[in-house]
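The block underneath contains the structure these notes are about, expressed in structure tokens.
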Amino acid sequence: MCGRARCTLAPDAVGAACGFGDCQLRLIDHDRYRPSYNVSPGAYFPVVHYEAKDDGEALPVVQAMKWGLVPSFTKKNEKPDHYRMFNARSETVREKTSFSRLLPAKRCLVSVEGFYEWKKDGSKKQPYYIHFQDERPLVFACLYDSWQDAEGDTLFTFTILTTRVSKRLEWLHDRMPVILASDDATKAWLELGCSLDDVFRKFVQPYEGPNLVWYPVTSAMGKPSFNGPDCIKEIKQQKVNDISRFFKRKPQESNPNAATGQDPEREVCDRPRDVKKTKATASQS
DNA sequence: CCAGACGTTGTT
DNA sequence: GTCTGG
DNA sequence: CCAGACGTTGTT
DNA sequence: GTCTGG
């Protein structure tokens, strides 16, 4: 889960989403970040974390890092593979040596407008765009690391924690990213005020809120080179899907919208078609 | 002790 | 770096 | 994650 | 099916 996303956020929006709306965060390597409607591992994202200073102080910064963890112990001559560790299972992240070593001091936050997930229907694949209804950015719990290449250049990379899927999204997939949807949650992940056990029990959980919504988008965005606002433009459902549904052996049992008669594949209807800001009723979870 | 691995996804 | 396997 | 390629021989 | 490239 979570191998593609939209991130066109400006640094101030990233800071605000991560709970630093009241201060100007220092930017590191920000020129490397290219806002995009279709980002995959290997691309730079604006990442929020605490930078340890020499005097012991730790100040929050927005640093451009590549999606797809390249651990510090990677061989210098090795070619970085950003697709090997772009996700980390939250259920096992404390046991896995590659990730557990990062938990004490390499936690970070990544903010995006939304992410993509492909619904598999036989041989057909239909991508969906998943986002907050009020267009508030999502914040993912992440871990980062740095690696020195053969030339001595330092590469900063991160991985997104995943968890089992929420009830509302289980018709689509069985995994989802760990979404930190409150300032308490982002602060707990970044600052670790309480114990790791507490953080995992309280905040590293599937996001179940009803304001996380979705709609189908063009399959053209499956091509990583396809970019622009058309990636998140809602499309009408294909007839092919209706036909394949007719021939399905079993009906969809775990569909939370079945009782309401709502089509789970077109969950959100009343959203603006473009990127303009709207006066949405902001709801917090 | 040293050597070697260190991951997630989905699909079957 | 740190854990597992031999 | 998805998309796209996936091969050898001989001859010029 | 399976590997590579983005």
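Lettering of chains follows the sequences in order, A, B, ..., and the numbering in each one begins at 1.
- Here the two rings, on A:Tyr37 and A:Tyr129, have centers that are 6.0 Å apart or farther.
- At whole-Å resolution of the value, CZ in A:Arg34 and P in E:dG6 are 18 Å apart.
- Listed pair A:Thr92 / B:dT8 meets the phosphate criterion, a side-chain N or O lying under 4.0 Å from OP1 or OP2.
- A salt bridge does not link A:Lys233 with A:Asp230: every distance from a Lys NZ or Arg NE/NH1/NH2 to an Asp or Glu carboxylate oxygen is 4.0 Å or more.
- Across the strands present, D:dT8 finds no partner; the criterion is a Watson-Crick or G-U wobble pair with both atom distances under 3.5 angstrom.
- With hydrogens and angles left out, the side chain of A:Thr97 and the base of B:dC6 share a donor-acceptor pair within 3.5 Å.
- As rounded to whole Å, 13 Å separates atom C1' of B:dA5 from atom CZ of A:Phe99.
- Here the side chain of A:Arg84 is nearest to one of B:dG7, D:dC2, B:dT8, namely B:dG7.
- Look at NZ on A:Lys75: it is 13 Å from P on C:dG1, rounded to the nearest Å.
- When the side-chain nitrogen and oxygen atoms of A:Lys125 are compared with OP1 and OP2 of D:dA3, one or more of them lie within a distance under 4.0 Å.
- Of all nucleotides present, only C:dT4 satisfies the Watson-Crick or G-U wobble test against B:dA3, with each distance under 3.5 Å.
- B:dG7 and E:dG6 have their P atoms separated by 27 Å, with the value rounded to a whole Å.
- Of the candidate nucleotides D:dC1, B:dT9, B:dG7, B:dG7 has the atom lying nearest to any side-chain atom of A:Met85.
- The side-chain ring of A:Phe73 is stacked on the base of B:dC6, judged by centre separation under 5.5 angstrom and plane angle under 30 degrees.
- Through chains of ILVMFWY side-chain contacts below 4.5 Å, A:Ile28 is grouped with A:Val61.
- Out of B:dT8, D:dC2, E:dG5, the shortest distance to the side chain of A:Trp118 is found at D:dC2.
- Contact check, A:Arg101 against B:dC6: no side-chain N or O comes under 4.0 Å of OP1 or OP2.
- Put simply, A:Lys223 has a side-chain N or O that comes within less than 4.0 Å of OP1 or OP2 on D:dG4.
- Counting to the nearest Å, the P atom of B:dT8 and the CZ atom of A:Arg164 are 17 Å from each other.
- Side-chain nitrogen and oxygen atoms of A:Arg175 include none within less than 4.0 Å of the OP1 or OP2 phosphate oxygen of B:dT8.
- None of A:Val112, A:Val178, A:Leu143, A:Asn87 except one satisfies the side-chain contact (heavy atoms from CB on, under 4.5 Å) rule with A:Ile160; the exception is A:Asn87.
- At whole-Å resolution of the value, NZ in A:Lys66 and C1' in E:dG5 are 14 Å apart.
- Rounded to the nearest Å, the gap between the C1' atom of D:dC1 and that of B:dT8 is 10 Å.
- Using a 4.0 Å heavy-atom distance criterion, A:Arg4 is classed as a base contact.
- Nucleotides B:dT9 and E:dT2 have their C1' atoms positioned 15 Å apart, rounded to a whole Å.
- Within the 4.0 angstrom heavy-atom criterion, no nucleotide atom of any strand lies near A:Gly42.
- Between A:Arg94 and A:Asp197 there is a salt bridge, since a side-chain N of the basic residue sits under 4.0 Å from a carboxylate O of the acidic one.
- Remark: P of B:dT8 and CG of A:Leu143 are 11 Å apart, rounded to the nearest angstrom.
- For A:Phe115 and B:dT9, the CZ to P distance is 13 Å, given to the nearest whole Å.
- Residue ring and base: A:Tyr83 counts as stacked with E:dG6 (centre distance below 5.5 Å, interplanar angle below 30°).
- Rounded to whole angstrom, the span from the CG atom of A:Asp81 across to the P atom of B:dT8 amounts to 14 Å.
- If you take CD on A:Glu95 and OG on A:Ser100, they are separated by 9.5 Å, rounding to the nearest 0.5 Å.
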